[in-house]
Amino acid sequence: MEPRGRGAAPGGVSVSAVLPAGGSGERLGGATPKQFCAVQGRPLVSYAVRAMERISWISDIVVVVSPENIETMKTIIEKYGHKRVTVVEGGITRHRSIFNGLKVFAENEFSSHLLQKPEVVIIHDAVRPFVEEDIVSKVVMAAKEHGAAGAIRPLVSTVIASAADGCLDHSLERARYRASEMPQAFLFDIIYEAYQQCTDYDLDYGTECLHLALKYCKTNAKLVEGTADLWKVTYKRDLYAAESIIKDNLSQQVCVITNVKETLAQVGFLLPESLKSQIKVEAISVSLSKNDSCLQNIISGQCYNFVCVNDKRWAIQETQELVDVLEKSNIPLLYPVVLILVHLDIPENNSFSIGMEDLTTIKKFARETKKKNILVYGLLIQYKDPLLLQETVNSAAAVIMALIKDRNPELIGQLLVA
Ligand SMILES: Nc1ccn([C@@H]2O[C@H](COP(=O)(O)OP(=O)(O)OP(=O)(O)O)[C@@H](O)[C@H]2O)c(=O)n1
Ligand SMILES: O=C(CO)[C@H](O)[C@H](O)COP(=O)(O)O
């Protein structure tokens with residue numbers, strides 16, 4: 001069978017990946033295994049799958065899940081449009097799950113369709129969502145040369161051993177040891193051989209694939225320094241940390257779209273200027289209905305925050321056009337998009353007034369767009385004294401930043417006043 005990935009892998013080898021996701025997440029607690037817990041609305045496992053999937057030279061991605069979660073995993077693949085993924089039934093321990101994942105490349109009877117055996121296989125826990133191509137590429141190159149490789153991090157705490165009486169027996173010299181993280185990569189034949197040879201004790205109690213390669217194939221893995229965010233989601237606090245890292249990543253860029261008359265354009269200029277001290281700003285002045293190419297470029301550049309400055313009453317019609325463009329782009333499929341409708345209540349805009357009807361309209365609109373993973377908020381910039389314009393705009397920028405950073409789905413449809 002032809003490999004499904006595209007592009008040349010480092011060192012020209014063929015590469016596939018196995019993501020063990022068959023655990024129950026006891027240490028995290030709760031009814032849902034951690035790999036299926038929602039982070040910014042999307043299951044954690046989908047982040048790890050996405051991280052592998054966007055590396056074009058990885059041919060196949062095997063996700064190993066417990067039998068009762070096979071359908072859940074298939075639904076996730078379908079919902080988030082994951083490609084090149086094969087779901088495989090896991091075992092009762094992590095090693096047994098990984099072994100099952102490897103068998104799909106080697107044993108006909110294990111899978112209805114045997115995947116092409118890669119020269120190098122990556123093993124990466126499905127609960128480590130932040131893995132970049134750079135480190136994956138480094139472990140693959142090192143595995144090609146040394147037979148096995150894995151990411152490491154410095155130890156945070158000193159490792160100590162306790163004696164039978166519960167007292168300190170000895171401690172290890174921290175500087176000599178490292179924490180073994182993921183991703184790891186192996187010449188396929190080496191790791192497969194190691195799993196075939198290893199004992200039930202290894203399969204049931206072992207925690208380290210690199211160790212199996214050493215013990216059974218005499219392969220000394222190359223250790224590659226990894227980045228801090230390779231850590232494994234293990235406890236509840238790790239889910240909170242993952243959530244805030246994602247929110248932080250999504251808050252790097254905003255697109256300010258102004259669609260105002262010249263007399264009001266001052267705000268359209270001052271607002272981006274004020275935001276610039278906190279976030280990268282793309283400011284454009286367009287009629288959204290034109291499906292502007294400039295806007296398209298920004299969207300395809302993975303911008304997850306939009307501010308629309310309007311001089312009319314709640315211009316839902318025009319905002320709907322932006323929502324349609326975003327939806328078509330698939331941008332909100334993977335992460336929630338923040339869309340802030342800014343309206344101006346300023347001296348030149350005499351006709352402006354807000355009634356209950358307006359508030360209901362924006363709420364209704366926000367509820368609909370939330371179903372598309374687009375979070376809509378309203379912001380009214382209100383000032384009567386032109387001398388206070390800069391101050392008011394600064395306060396509006398602060399509210400916009402708070403909405404972007406928080407991405408709070410409970411606040412959608414609310415009208416805030418700056
Ligand atoms: N039988 C198992 C056990 C674990 N894993 C996977 O191995 C990775 C790392 O293991 P760990 O953090 O220990 O996950 P759990 O076993 O789910 O956690 P806990 O030990 O707290 O129950 C996770 O992606 C987990 O789903 C697996 O595929 N099959
Ligand atoms: O860090 C690792 C390197 O091999 C593994 O992810 C880790 O050992 C998994 O162990 P556990 O299932 O006990 O959490």
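Just follow the structure's listing: the first ligand is 1, and inside any ligand the first atom is 1. Index from 1, following the sequence.
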May I ask you to check whether G25 has an N/O atom sitting below 3.5 Å from an N/O atom of ligand 1? yes
d(L102 CG, K117 NZ) to nearest 0.5 Å is 11.5 Å
Legend entry - Any A21 heavy atom less than 4.0 Å to ligand 1: yes
Answer whether the closest heavy-atom distance between the side chains of M73 and V49 falls below 4.5 Å. yes
Run the salt-bridge test on K34 and D238 with the 4.0 Å N-O cut-off and return the result as yes or no.
no
The atoms of ligand 1 lying under 4.0 Å from a heavy atom of A126, numbered in the order shown, are 24 (O)
One finds that the ligand 1 atoms under 4.0 Å from a non-hydrogen atom of S97 are 1 (N), 2 (C), 27 (C), 28 (O), 29 (N)
query: Looking only at N/O atoms, are S24 and ligand 1 under 3.5 Å apart anywhere?
result: yes
- Audit row: E132, T227, side-chain hydrogen bond (donor to acceptor under 3.5 Å, both in side chains) steps and yes/no: CA-CA 9 Å; E132 296 294 334; T227 50; over 6 Å; no
Among R94, H95, H124, K34, the residue with a heavy atom nearest to atom 14 (O) of ligand 1 is K34
* Asked: Around K363, counting heavy atoms of other residues, nucleotides and ligands shown, do more than 12 lie under 6.0 Å from its NZ?
  -> no
Do the numbers put R42 on top of the ring of Y80, so that NZ or CZ is under 6.0 Å from the six-membered ring centre and no more than 45° off the axis?
-> yes
Would G91 count as being in polar contact with ligand 1, using the rule that some N or O on each side must be under 3.5 angstrom apart? yes
Atoms of ligand 1 under 4.0 Å from any heavy atom of Q35, numbered from 1 in the order shown, are 26 (O)
Next on the checklist: Run Y192 and K103 through side-chain contact (heavy atoms from CB on, under 4.5 Å) and show every step you take.
Outcome noted: CA-CA 8 Å; Y192 195 59; K103 284 175 185 167; 3.6 Å; yes
Honestly, for I92 the part within reach of ligand 1 (heavy atoms, under 4.0 Å) is backbone
At under 4.0 Å between heavy atoms, what of V127 touches ligand 1? The answer is both
Under 4.0 Å between heavy atoms, the region of R96 that gets near ligand 1 turns out to be neither
Ligand 1 atoms nearer than 4.0 angstrom to some heavy atom of K232 are 9 (C), 11 (P), 12 (O)
- Message: Using only atom types and a distance under 3.5 Å, with no angle test, would you say the side chain of D125 pairs donor to acceptor with the backbone of V127?
- Response: no
